[in-house]
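Working notes, structure below.
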Protein chains: 2
Amino acid sequence: MTEIQRPGALYQQVAAAIREAILSGEFAPESLLPSEAQLMARYGVSRPTVRNAIAALRAEGLIEVRHGKGSFVRSDGQPTLTLERRINRAPNGQFVMPNSDVWDEAEEPSVYRTRTTKATGRLLNLGEEEELFGCDRLLADATTGTRAMHRTLVPFEVAETVPALAEEPGQRPTAVYEELTNAGHTLWWSETVRARMPLPDERATLQLPDATPILHLTRVTHGTADRALVLEELRIGADRAEAAYRITAAKQPAKRRQA
Amino acid sequence: MTEIQRPGALYQQVAAAIREAILSGEFAPESLLPSEAQLMARYGVSRPTVRNAIAALRAEGLIEVRHGKGSFVRSDGQPTLTLERRINRAPNGQFVMPNSDVWDEAEEPSVYRTRTTKATGRLLNLGEEEELFGCDRLLADATTGTRAMHRTLVPFEVAETVPALAEEPGQRPTAVYEELTNAGHTLWWSETVRARMPLPDERATLQLPDATPILHLTRVTHGTADRALVLEELRIGADRAEAAYRITAAKQPAKRRQA
DNA sequence: AGTCGTAACTCGTAAGGACAAGTGACGTCA
DNA sequence: TGACGTCACTTGTCCTTACGAGTTACGACT
């Protein structure tokens, strides 16, 4: 039995001791930690205290617990999938996104009509309750098992000026970009990256382990005169994926375009 | 006492009931939830069960608990601080970053020497154990109380060719870019965005609430011949900040540059 | 030899009790 | 009136006990 007594609550001392043991390499990644009973004996505390300590380490994403088997050290591996958020244009005029080929569609895309919320309306420079075409996709990368949720929103206003989008909503993003280009637009994109804990349904859909945030990418396609045309959202587990961008210095200082 | 009995464990049913009440608006954001004793009576369960349910909602980031006061509904507000990850060049040649003016330095920057790890070595196209200058800054936005951790790493190899960086390590990023430009480099940058749960020390330093991931931005400055020159890291609570980028279509398809 | 049941391990859930610690309001006392 | 102590509330910590449920291995039975 190892005596412990530094800061704060008992369970925090136990958690700190285990954390230290993991980070110092005493317990290798993927290896099995002592069972709850063994930890009770090792530190001379009750089971709730051990479980409380384990819960804290779980919330930190340091360990993973499997019912009936035990607690395992989670490998702190970097994300394996890098989403290159670039858009290229092939000589034949087609748009190409670097990663688009790794994705399968795990389900049939669902196409629907909806209205702007306060948040989506602001991004599209529209009011609230404006009509939109929506298309949701569940993407899956078969090789790594990674999943992602993708959504495309096209305002009626825009679809009216680009008939191909109204006639066949739910096209893939590169196809949407091509239709907009055919309609005379010169495109650029703004994208914001947020992170947050998943809602229960997102956790289930994306099959996320404990203590795993999601990356939430929001892309707005801008056309001629910087008009906001299309809104896309991509949600993906942050344990698997990272987003990558390229930046070049703009010649003039701080010219204001809308977000 | 409200009877409940749907799916799974008791505490999950209680958690689901409370979650539903919050999302339906029965409990407004920032409002006080019933106390543990009241929830015990309301659902007819024991205190550990109530606390377990509350712990689940806490981990989702839905509520916040204050010792001695009670549980409060967390407002799901969007991040208030948008980090515009652009780099502009003023007519006088100075580099300007859109958000740099909101930050104060909460502490004196700490300058030190270190060596590449496997991860940082790969990003800088160096091996392991190569020598670096390091500079850590703790940034604070006084108006919103947001904090961020910033780190700059400059390889000795690079500092040797740009004496201004070796003589005065720990300059601010825009000054570093200017020195590199003065040394004859034409710069571009690659940046990756990851999200993860904070380590305990990050949680303390950034003063993060429960269930708050951090955004981890990694920027590599590239110079002439695409050589990797400088590595920067920015860590910031994802509840407060989002990162924003601009994308323009590249003319040629998928020409491979290193990450 | 193969199948299947059981036993012994793991963690998950739920109850009970007890006391510590933070918070705020009320009332007493100087 | 003002200061301060107490009390009633809150959540935090820790213990004991009990049983349910998933996993694995061993051994007996077919």
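Chain identifiers are assigned alphabetically (A, B, ...) following the order of the sequence lines, protein sequences preceding nucleic acid strands; residue numbering begins at 1 within each chain.
Between A:Leu10 atom CG and C:dA20 atom C1' the separation is 13 Å, expressed in whole Å. If you take CG of A:Asp210 and P of C:dC11, they are 15 Å apart, rounded to a whole angstrom. Put simply, OH on B:Tyr11 is 12 Å from C1' on C:dA14, counting in whole angstrom units. With rounding to whole Å, B:Glu36 atom CD is found 14 Å from C:dA21 atom C1'. As a whole-Å value, the separation of B:Leu32 CG from D:dT11 C1' is 12 Å. To the nearest angstrom, P of C:dA14 lies 15 Å from CG of B:Leu39. Straight-line distance from the CD atom of B:Gln13 to the C1' atom of C:dA14: 12 Å, rounded to whole Å. Distance CG (B:Leu33) to P (D:dT10): 13 Å, rounded to an integer number of Å.
A salt bridge does not link A:Asp136 with A:Arg235: every distance from a Lys NZ or Arg NE/NH1/NH2 to an Asp or Glu carboxylate oxygen is 4.0 Å or more. In summary, B:Asp239 and A:Arg194 do not engage in a salt bridge, as defined by a charged side-chain N under 4.0 Å from a carboxylate O.
Between the side chains of A:Thr49 and A:Asn52, not a single donor N or O lies within less than 3.5 Å of an accepting N or O. Side-chain contact, B:Thr82 with B:Glu242: a donor N or O sits under 3.5 Å from an acceptor N or O. A donor-acceptor contact closer than 3.5 angstrom links the side chains of B:His150 and B:Glu232.
Contacts classified as salt bridge (charged side-chain N to carboxylate O under 4.0 Å, His left out) and involving residues 104-113 of chain B (residues at least two apart or in different chains) are given here: B:Glu105-B:Arg137.
Taking CZ of B:Arg115 as the reference point, atom CG of B:Leu153 lies at 14.0 Å (rounded to 0.5 Å).
Checking the phosphate oxygens (OP1, OP2) of C:dC9, no side-chain nitrogen or oxygen of A:Arg66 falls inside 4.0 Å. Dashed line: the shortest gap from a side-chain N or O of A:Lys69 to OP1 or OP2 of D:dT24 is under 4.0 Å.
Of the candidate nucleotides D:dT23, C:dG12, C:dG22, C:dG22 has the atom lying nearest to any side-chain atom of B:His67.
In the region residues 46-57 of chain A, proximity to DNA chain D at under 4.0 angstrom, judged on heavy atoms, holds for A:Ser46, A:Arg47, A:Pro48, A:Thr49.
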